[in-house]
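Down below is the structure, laid out as structure tokens.
Only this structure's heavy atoms are used, side chains among them; waters, hydrogens and symmetry mates stay out. So that the names make sense, note that chain A is the first sequence line, chain B the second, and so on, each numbered from 1.
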Amino acid sequence: MKRMTLTVLLLAALLAACAPVDLNAPLPVYDTGVDPNAWAQIPAGEFYFGQFEDEVTTEAYEIMITDVTTEQYAAFLNQALADAYVRLDGEQIVGYYPGDVFHGVKHEEPIEAGDWIFIPLNDPALRLQFDGSTFTVQPGYEDHPMTMVSWFGARGYCEYYDWRLPSEVEWEKAGRGADERPFPWGYEILRENANFYASRDPFEDMSSFGSRTTPVGFYNGNTYDGYATLDSVSPYGLYDMAGNVWQWTGDVYEGMHYRFMRGGSKDTYEMDLRLWVRNNATPTYFSPGVGFRCARNP
Amino acid sequence: MQFIKDRFTYLFNSTKGLILVAIAMVAMVTAVWGMLSGPMAEWGVREVVVKLLGMDMVQAEREGRIIILYHSIAMAIVAIEVYMVTSLLKMKPLMKTVIRAIITVGYIVTMVFGLAFAYFGHNWAFHGVYIAGLSLMFFGGVLLTIALWPWNKEYYQPDKDYARTKNGVDVERMAFFATALTTVLSALFGAVPGSYFGNGFQVFLAENVIRLPEKTTMQFAIIGHLHIMLALISIMLTLIIGRWLEFKGIWHKISMPLMILGTIVLNLGVWGVATPLEPIAHMIIYVGATPSMLAALFLLIWSWNRLIQEGTAHLQKPNIGQKINALLRDPLKFGPTWQMLFMNFTTSGIGIFMAVKLDEIFRVWPAREERIELTGHWHVLSAIVATIILLYYGDMLGFKGKLRQLYGWGLIILSDIAFAAVTIFEMKRLFISEAEQQPLVNVLMYAMDFGLAMLLLLLACVMVWRLVDLFKKKGRWTEEVDQELSQEVWK
């Protein structure tokens with residue numbers, strides 16, 4: 001009898017572990033009132049960079065106040081396909097990248113000139129739909145950050161509009177402002193500040209599909225169906241600089257093929273939401289927890 | 001007054017009392033601090049604990065806090081090993097007393113003042129006392145190394161059944177000596193960069209700099225230090241378990257020189273990361289790890305063989321079932337080497353697999369996935385060390401019959417459930433996508449927490465029993481006051 005009980009328990013655990021995830025589970029839809037087409041002005045000058053607060057100077061620049069949304073990216077893909085800036089290659093959208101200088105450093109992988117993946121088309125986590133000629137957004141995800149996009153896809157988007165990915169320094173300054181704060185809004189973090197792992201926002205269900213993205217600018221102090229967020233804007237007026245999705249940055253470092261991401265995501269604990277925390281991956285990497293925003297010269 | 005004096009004498013002047021205090025300290029810290037991260041944080045338990053205990057946890061200082069926590073627990077584990085070594089091996093009584101006194105003050109001061117500094121406001125006087133505690137541990141280690149000097153004729157091995165040189169020098173004692181000496185040197189290897197970075201308050205965790213192509217010598221030293229200290233704690237524990245099990249014969253004679261060779265080469269490789277040898281340091285480390293692991297394998301072969309032989313001595317021709325039954329009849333003697341074997345599935349094997357598949361895994365995975373694997377595998381290794389100590393401690397407590405089975409198998413099964421779950425969690429990206437992982441993650445988290453929580457509950461039961469026992473006039477503690485581990489090796 002004891003063996004039977006144990007076997008049943010084990011089988012139940014295995015079945016629970018293998019339960020399919022409904023990636024298209026119903027999604028709450030809220031209007032955050034934040035304009036994803038808006039840009040913030042970042043003045044020239046010094047700021048505290050990194051965990052150890054090195055004083056670093058930047059020129060003035062502008063940066064998007066939110067991550068690029070799925071709707072913005074779908075519009076880009078439709079125009080870029082028409083312009084032959086990107087093309088369909090099997091089950092993915094690819095675009096040209098001029099390549100990195102290869103230094104042959106230990107663990108470095110060559111990134112050669114050529115067409116590289118922007119987004120995969122066959123991944124069920126992609127929130128875009130493609131009918132062979134036009135991209136549309138999965139309903140409800142229009143104002144969510146664009147995810148499942150590689151570094152090439154993020155860079156390609158920004159460059160298409162004559163913008164660029166922010167450098168790590170630019171990204172951090174835009175999130176941190178002039179003081180030593182670890183989070184865009186200050187020194188401590190609460191669940192209502194940002195979308196992180198098990199932060200109990202209305203979009204997550206840890207018992208089934210887990211954490212999902214929140215619409216850009218969601219944490220702006222508004223209350224959504226009784227869920228009150230805290231205004232978590234950065235000193236320069238940027239949203240989602242901590243949590244929701246990791247954000248690709250533009251630096252290409254000598255001797256390494258990895259590209260760096262900042263900000264933490266819906267899938268990481270709050271420690272990764274501190275502004276100086278770095279993540280990195282090969283530039284072809286894409287994930288439901290990685291997005292980006294662009295910067296430009298004034 | 002006599003009541004307190006007697007208990008104090010037991011707890012701080014006897015081998016088993018000292019081990020009990022250290023285990024209780026580690027258990028308390030693990031139970032409380034275990035509630036500050038992972039699922040406990042998700043479920044909101046952390047917030048309650050922080051508020052209840054009045055902890056002051058500033059987000060920006062997480063790395064520093066964690067480093068002090070690791071050192072606090074590690075010092076208690078090192079102290080337990082020192083108590084075991086000084087009880088199992090012959091040495092001058094004065095040296096034994098002095099070493100134990102220094103080590104005991106050292107780890108308690110490190111733990112109490114370190115954690116008080118890190119988690120309860122930053123009283124810098126506490127930080128100073130914490131550093132003093134670490135320094136005492138270092139000094140205790142130096143004295144232990146001197147006490148273990150194997151070329152003293154008093155300590156020669158007269159019995160030819162054990163590994164010994166032609167002159168009779170005890171090769172097993174040489175292995176203990178080599179491990180103690182390299183541990184002291186490797187502590188220094190961490191202390192120097194620790195001071196360097198601490199001076200500028202530039203605290204970092206090794207797993208966060210692992211992908212930087214150009215690491216500084218000091219960063220390499222930190223990475224090397226944490227790896228080698230855990231390896232040396234494991235090697236010392238393997239030697240201790242071998243002594244407890246009365247390891248001898250041909251396997252012992254092959255094993256002990258390998259242990260010495262492995263320890264020295266492993267250390268040279270690790271120290272090499274901070275020298276021009278860095279490009280080949282990993283190769284030296286692999287070369288060093290191989291004889292060490294072979295030595296542990298030989299201990300396993302020998303001890304399992306002995307368990308089977310003794311358990312089937314009454315049978316003329318035992319069949320395979322009877323042999324397995326004999327092997328598993330005593331979980332406390334079977335457990336330590338089983339855990340060493342299990343380690344290969346959860347730690348060493350994973351490391352080798354990752355190294356072989358480097359281009360498909362770490363060159364592609366994001367750094368945060370790599371960090372999960374890195375932190376996971378050494379948490380498991382640390383926990384395996386803890387379970388082996390607890391298995392040996394169960395034998396020290398004299399558990400017999402069903403209680404011995406319950407305690408032993410409880411420790412083995414519960415910990416292995418948790419370790420297996422951690423291992424699958426580390427490797428999950430190989431077989432499941434991020435978007436679809438949550439149900440698997442939930443089951444693995446439950447398995448980890450169930451295993452660890454039940455294990456801690458088992459340990460808590462033992463600790464409560466020991467606490468109650470201390471209030472008894474003729475409790476078990478009165479029997480343990482004069483007991484030494486050297487009298488209780490497996491005859």
pair [X]-[Y]: side-chain heavy atoms closer than 4.5 Å:
X      : Y      : result
B:Q438 : A:F209 : no
A:K106 : B:E278 : yes
B:R368 : A:M261 : no

Where on [X] is there a heavy atom nearer than 4.5 Å to chain B: the side chain, the backbone, both, or neither?
X      : result
A:S287 : both
A:M206 : both
A:R278 : both

Measuring heavy-atom distances to chain A, does B:A41 have an atom under 4.5 Å in its side chain, in its backbone, in both, or in neither?
backbone
Need one label for B:E369: side chain, backbone, both or neither, based on atoms under 4.5 Å from any heavy atom in chain A.
neither
Before giving the answer on side chain to side chain contact (heavy atoms under 4.5 Å, CB included), spell out for B:R363 and A:H257 the whole-Å C-alpha distance, their side-chain angles and the decisive distance to 0.1 Å.
CA-CA 9 Å; B:R363 298 289 163 269; A:H257 64 288; 4.0 Å; yes
Tell me every residue that passes side-chain hydrogen bond (donor to acceptor under 3.5 Å, both in side chains) with A:E192, counting only those two or more places apart in sequence or in another chain.
none
How close do A:Y197 and B:V441 get, counting heavy atoms only, and between which atoms?
OH-CG1, 3.6 Å
Residues in residues 409-417 of chain B that sit under 4.5 Å from chain A, counting heavy atoms only:
none
Heavy-atom contacts under 4.5 Å, residues 32-39 of chain B to chain A
B:G38, B:P39
Residues in residues 265-273 of chain A near chain B [non-hydrogen atoms, under 4.5 Å]:
A:D267, A:Y269, A:E270, A:M271, A:D272
